[in-house]
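A short write-up of the structure that comes next.
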Amino acid sequence: MILCNIIQDLIPILVCVVLPVAIVWLSVYAARFREAKRTEVLLKAIESGKDIDANMIANAMSKPHKAPRTPRERLNNRLTVGCVGLTIGIMLEVVLCIGRFVMNALSDEMFLIFSMCNSILLGIGVAFMIVYFVTRKNVKD
């Protein structure tokens, strides 16, 4: 019983404190590791005594450039986000309705609160779908 209470108290702390700190640490660690490896390769090239172009060093030390997404890729991402938002929203609403009306596990107030929160997800899904269908005619391949 005491262990259950301790776990219930630790879960919000882990989610609200430890998880964001771990995410930030991981991203900083990955960036630092990437820079260290890039520097190591350049130092090895310099130590080998080969002629190295200054422009090559400048390009190697700069951040890697992501290729910009094409309009078709952005459009497909909007469709994906819209479909996922709608699907999850509909599934959650079905679960809420089953929990409320079939199993009587939720009170009217809880059902209303969860449905209102779920409507945000449904609204986001619908908005992305509308943007997809409005802009798909303007996108050239």
* Look at E35 together with R32 and state whether they make a salt bridge at an N to O cut-off of under 4.0 Å. => no
Is [X] linked to [Y] within one hydrophobic cluster, defined over Ile, Leu, Val, Met, Phe, Trp and Tyr using a side-chain heavy-atom separation of less than 4.5 Å?
X    : Y    : answer
L106 : V94  : no
L92  : I113 : no
V139 : V134 : yes
L96  : M110 : yes

* Kindly state each residue pair satisfying salt bridge (Lys or Arg N to Asp or Glu O under 4.0 Å) with at least one member in residues 109-137, sequence neighbours excluded. => none
* Asked: Can you check whether T70's main-chain N or O pairs, donor with acceptor, with E73's side chain at less than 3.5 Å?
  ->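 A pair under 3.5 Å: yes.
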Side-chain donor-acceptor contacts of residues 114-130 below 3.5 Å, not counting sequence neighbours, with atom names and distances?
{"residue": "S115", "atom": "OG", "partner": "E93", "partner atom": "OE2", "Å": "3.3"}
{"residue": "S115", "atom": "OG", "partner": "F111", "partner atom": "O", "Å": "2.9"}
{"residue": "N118", "atom": "ND2", "partner": "G89", "partner atom": "O", "Å": "3.0"}
{"residue": "N118", "atom": "ND2", "partner": "E93", "partner atom": "OE1", "Å": "2.8"}
{"residue": "S119", "atom": "OG", "partner": "M116", "partner atom": "O", "Å": "2.5"}

* Run through the side-chain heavy atoms of Ile, Leu, Val, Met, Phe, Trp and Tyr, join any pair under 4.5 Å, and report what else lands in W25's cluster. => L26, Y29
Under 3.5 Å, sequence neighbours excluded: what are the donor-acceptor pairs made by side chains of residues 2-24?
none

* Can you list the residues that meet the side-chain contact (heavy atoms from CB on, under 4.5 Å) rule with T135, with sequence neighbours excluded? ->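 Per chain and number, T135 pairs via side-chain contact (heavy atoms from CB on, under 4.5 Å) with L75, R78, V131.
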* **Partner set under side chain to side chain donor-acceptor pair (under 3.5 Å) for R100, not counting sequence neighbours** =>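 Side chain to side chain donor-acceptor pair (under 3.5 Å) list for R100, sorted by chain: D108.
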